[in-house]
Asker: 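Handing you a structure now.
Bear in mind that the values here come from a model prediction, so they are computed numbers and not experimental data. Reminder, nothing fancy here: chain letters follow the sequence lines and each chain counts from 1.
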Amino acid sequence: MFHPRKTTFPNRSNRFILLPLQLSQPSESTQAPLTIKRSSHHQAIRTPLSPSQDSLLHIANLILKSKPEALTQTLEKCDVQWSPDVVVQVLKRLWNDGPKALQFFESLDRLPNYKHSTSTFDHAIDIAGRLHDYRTLWTLLSRMRQRRLGPTPKTFAIITERYVSAGKADRAVKIFLSMHEHGCPQDLSSFNTFLDVLCKSKRVEMACSLFKVFKRRFRADTITYNIIADGWCLIKRTPKALEILKEMVESGLSPTLATYNILLHGFFRAGQIKESWEFFAQMKKRGCKPDVVTYTTVIHGFGVAGEIEKARKVFKQMVGEGCLPSVATYNALIQVLCKKDSVENAILIFEEMLRKGYVPNVTTYNVVIRGLCHASKIDRALDFMDRMKDDKCDPNVQTYNIVIRYLCDAGEIDEALDVFRKMDGGSCLPNLDTYNILIGGMFVRKKSEDLVVSGKLLIEMVDRGYVPRKFTFNRVVNGLLLTGNQGFAKEILRAQSMHGRLPCKFKL
DNA sequence: GTAGGGTTAG
């Protein structure tokens, strides 16, 4: 499944706004891509600022609407000084339309005054990998090398992650081990990154064997051991994590606070609540001062286990012990209140965090919105979504997915479609989950017109590089046939044979 | 893009 990588934009809202002003301002002065302003003469006036979100949105929409053959022309006509920074931002906006993003990347190469950078190549390689288009991926890599722009260790982190998440972990190991043949030597940090990629995809056994073979060659450090321990914790095998940490100490490396936080989280994840509590107590007793990550782990862990009072108590305690909660701490508390207490109590905490000067981020809003939807208060959830826009915290694809899912479940299909339409003209393109949720919703009312919409959505998602499951495909085609839409059903089947990407099962 | 906390329900 496709999961967009975390954005690399500075996370403004995660900062505690009572900090001195110069600390809470992300420094943007070092990069100065150009932005567009139109005078009354429709002539572009360029000012040395990054393009505004609005103009990026405008550019992304132009690209989405443009036919592939006209794309270079469209780009020439854009009143933008193309620079790698601007291109990366546009590629991020086109993230959920991989084929378009790659067309955009290619068209730029035909512009006389623009040259791709290491970073734009990395993004294009990432997108090709996500589309499982490995031929394009390796072509891009060799072009990158010809132009002396890489590949860098980051490029290989991207490639190996794409292979692992496509279920090709063995191939990823070979690629990692052959990095040097592509002009990129391995070192400890690329080794650590690769082990982390394997662990995060739950290929912990494989990571561990690789670790055993190469730990001496790469001189495994604390971070290596932490990565492997966290891997075992992720699959709830805390005894294996403890084993690794024992080995770590024997090899002369000292655990850090991160090590303890990993283990603490592991106990909670494995449902070993008693062990978690004892471990947390031991940490404090032995003078290992918990930090905000430790407290957030404990609050979330107790909450998930249904121990709301304990979670609240720890939240109160942390301030007394000289540790201020972060936005993530609030998010953890709000989430567990939604789940195990009530959304009303969660909103009280949300309001408390505002009073104390914290700036909620998109996760905060998503947690509250989900809580409201879950309590069948969809109208209030929609109010919160509007409020996000006012608070300069744009809804992301998850926000839309939550609301669309609950609207479909409640049978409010027209409202769900309304929200969906807002996405396309908006800042965020639908992802695979969005299409699956909405196509499923088109079967709720058993209306012929809904099935036509489901067919259009199916075609659109394929155009954007998503592969529907066989189940989805058959369901839509069958639905169309059963509601007298034979013509459209045939059209979809024809598109299927042309694309060759759709699952092939259905025969007329 | 060398590690640790917060976003889905079933």
Side-chain angles (χ1 to χ4, degrees), chain A residues 1 3-6 8 11 13-14 118-119 122-123 126 151-161 186-197 199-200 218-231 233-234 241 244 248 253 255-266 268-269 290-301 303-304 311 314 318 323 325-339 353 358 360-371 373-374 395-406 409 431 433-434 436-437:
Chain A
M1 231 181 285
H3 287 298
R5 183 177 320 286
K6 272 185 192 167
T8 51
N11 192 356
S13 49
N14 216 6
T118 302
S119 167
D122 280 346
H123 279 271
D126 198 6
T152 67
K154 183 180 166 185
T155 316
F156 278 95
I158 291 166
I159 295 174
T160 51
E161 184 182 316
Q186 295 110 322
D187 57 6
L188 175 60
S189 91
S190 58
F191 181 56
N192 286 344
T193 305
F194 183 55
L195 292 179
D196 198 36
V197 163
C199 285
K200 293 278 164 10
F218 288 114
R219 298 172 172 276
D221 63 358
T222 317
I223 294 175
T224 323
Y225 281 95
N226 284 352
I227 287 166
I228 300 288
D230 194 38
C233 287
L234 197 66
I244 283 289
M248 171 178 175
L253 294 163
T256 61
L257 185 51
T259 317
Y260 293 123
N261 288 340
I262 286 165
L263 207 60
L264 184 63
H265 194 184
F268 276 116
R269 215 157 11 201
D291 66 0
V292 64
V293 176
T294 323
Y295 285 110
T296 306
T297 306
V298 172
I299 290 164
H300 188 249
V304 168
V314 173
M318 67 186 285
C323 180
S326 64
V327 172
T329 319
Y330 272 101
N331 293 350
L333 183 61
I334 291 170
Q335 194 217 140
V336 297
L337 289 174
C338 285
K339 278 192 173 162
M353 85 183 267
Y358 287 85
N361 60 23
V362 70
T363 307
T364 322
Y365 282 104
N366 287 350
V367 165
V368 172
I369 288 172
R370 185 176 291 115
C373 286
H374 197 73
N396 62 12
V397 69
Q398 278 98 338
T399 322
Y400 286 103
N401 290 350
I402 295 162
V403 170
I404 292 173
R405 180 190 299 274
Y406 281 97
D409 287 351
N431 66 11
D433 290 335
T434 323
N436 283 331
I437 294 164

Asker: Is the closest side-chain heavy-atom distance between A:T224 and A:D221 below 4.5 Å?
Answerer: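 They are in contact (side-chain heavy atoms under 4.5 Å apart), so the answer is yes.
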Asker: In whole angstroms, how far is the P atom of B:dT7 from the CD1 atom of A:I299?
Answerer: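 Result: 13 Å.
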Asker: Could you please name the option among B:dA3, B:dG6, B:dG5 that lies closest to any side-chain atom of A:I227?
Answerer: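 Nearest listed nucleotide: B:dA3.
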Asker: Just to be sure I understand the rule, does A:L188 reach a base, reach only the sugar-phosphate, or reach nothing, if contact means heavy atoms closer than 4.0 Å?
Answerer: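 It contacts nothing in the nucleic acid.
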Asker: For A:F194, check ring pair (Phe, Tyr, Trp, His ring centres under 6.0 Å) against everything at least two apart and list the hits.
Answerer: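 With sequence neighbours excluded, A:F194 shows a ring pair (Phe, Tyr, Trp, His ring centres under 6.0 Å) to A:F176, given in chain and number order.
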Asker: Please determine, by modelled atom types, if A:T329 and A:T296 share a side-chain donor-acceptor pair under 3.5 angstrom.
Answerer: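 A:T296 and A:T329 do have a side-chain donor-acceptor pair below 3.5 Å.
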Asker: Between B:dG6, B:dA3, B:dG5, spot the one nearest the side chain of A:K200, thanks.
Answerer: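 Per side-chain heavy atoms of A:K200, the pick is B:dA3.
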Asker: Looking across every strand, which nucleic acid part, if any, lies under 4.0 Å from A:D196 by heavy atom: base, sugar-phosphate, or nothing?
Answerer: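 Touches sugar-phosphate only.
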Asker: Using whole Å, what does the distance between atom P of nucleotide B:dA3 and atom CG of A:L263 come to?
Answerer: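 About 19 Å, once rounded to whole Å.
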Asker: Expressed in angstrom and rounded to an integer, what is the separation of A:E161 atom CD from B:dT2 atom P?
Answerer: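 Interatomic distance, CD of A:E161 to P of B:dT2: 13 Å.
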Asker: Roughly, in whole Å, what's the span from CD in A:Q335 to P in B:dG5?
Answerer: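 It is 14 Å, rounded to the nearest whole Å.
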Asker: Over all strands shown, is A:D291 touching base, sugar-phosphate only, or nothing at heavy-atom distances under 4.0 angstrom?
Answerer: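 Result for A:D291 = base.
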Asker: If you check every side-chain atom of A:H265, which of B:dG5, B:dA3, B:dT7 has the closest atom?
Answerer: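 For A:H265, the side-chain atoms sit closest to B:dG5.
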Asker: Tell me, do A:V327 and A:M353 make a side-chain contact under 4.5 Å, heavy atoms counted?
Answerer: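 Side-chain contact under 4.5 Å: yes.
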Asker: Counting side-chain heavy atoms from CB outward, which of B:dG6, B:dA9, B:dG5 is closest to A:K339?
Answerer: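 In terms of side-chain proximity for A:K339, the closest of B:dG6, B:dA9, B:dG5 is B:dA9.
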Asker: A:H374 side chain N/O closer than 4.0 Å to the phosphate oxygens (OP1, OP2) of B:dG10?
Answerer: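 False: A:H374 side-chain N/O out of range (4.0 Å or more) of B:dG10 OP1/OP2.
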Asker: What's A:T363 touching, base or sugar-phosphate or nothing? Going by heavy atoms closer than 4.0 Å.
Answerer: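 Contact class for A:T363: base.
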Asker: What's the CZ-P distance between A:R370 and B:dG10, to the nearest Å?
Answerer: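 Value for this atom pair: 12 Å.
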Asker: Tell me which nucleotide among B:dA9, B:dT7, B:dG5 gets nearest to the side chain of A:V292.
Answerer: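 Selected nucleotide: B:dG5.
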Asker: What's A:T329 touching, base or sugar-phosphate or nothing? Going by heavy atoms closer than 4.0 Å.
Answerer: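 Here A:T329 touches the bases of the nucleic acid.
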Asker: Tell whether A:T364 reaches the base of B:dG6 with its side chain through a donor-acceptor pair below 3.5 angstrom.
Answerer: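 There is none.
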Asker: In whole Å, what is the span from the CG atom of A:N396 to the P atom of B:dT8?
Answerer: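 It is 12 Å, rounded to the nearest whole Å.
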Asker: Counting only side-chain heavy atoms from C-beta out, which of B:dG6, B:dA3, B:dT7 sits nearest to A:A258?
Answerer: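 For the A:A258 side chain, the nearest candidate turns out to be B:dA3.
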Asker: Name the nucleic acid region contacted by A:V197, choosing base, sugar-phosphate or nothing; use a 4.0 angstrom heavy-atom cut-off, strictly under.
Answerer: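 Base contact - A:V197 has a heavy atom under 4.0 Å of at least one base atom.
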Asker: Is it the case that the base of B:dG6 and the side chain of A:T296 share a donor-acceptor contact (distance under 3.5 Å, atom types as modelled)?
Answerer: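 Result: no qualifying N/O pair found.
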Asker: Any N or O donor-acceptor pair linking the side chain of A:N361 to the base of B:dG6 at under 3.5 Å?
Answerer: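 Flag set: donor-acceptor pair detected.
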Asker: NA contact type, A:Y406, heavy-atom cut-off 4.0 Å: base, sugar-phosphate, or nothing?
Answerer: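 Here A:Y406 touches the backbone only, sparing every base.
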Asker: Out of B:dA3, B:dG5, B:dT8, which nucleotide sits closest to the side chain of A:I223?
Answerer: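 Between B:dA3, B:dG5, B:dT8, the one nearest the side chain of A:I223 would be B:dA3.
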Asker: Will you find, in the side chains of A:T434 and A:N431, an N or O donor that is under 3.5 Å from an N or O acceptor?
Answerer: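 The answer is yes; a qualifying pair exists.
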Asker: Picking from B:dA3, B:dG5, B:dT7, which would you name as closest to the side chain of A:T256?
Answerer: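 Ranking B:dA3, B:dG5, B:dT7 by closest atom to the A:T256 side chain puts B:dA3 first.
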Asker: Taking atom C1' of B:dG6 as reference, at what distance in whole Å does atom CD1 of A:I369 sit?
Answerer: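 Taking CD1 of A:I369 and C1' of B:dG6, I get 15 Å after rounding.
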Asker: Nearest-Å distance, CG (A:D221) to C1' (B:dA3)?
Answerer: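 Going from A:D221 (CG) to B:dA3 (C1'), I get 9 Å.
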Asker: Which residues pass the side chain to side chain contact (heavy atoms under 4.5 Å, CB included) test with A:T193, sequence neighbours left out?
Answerer: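 Per chain and number, A:T193 pairs via side chain to side chain contact (heavy atoms under 4.5 Å, CB included) with A:A157.
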Asker: A:S189 and A:N192: side-chain donor and acceptor closer than 3.5 Å?
Answerer: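 No.
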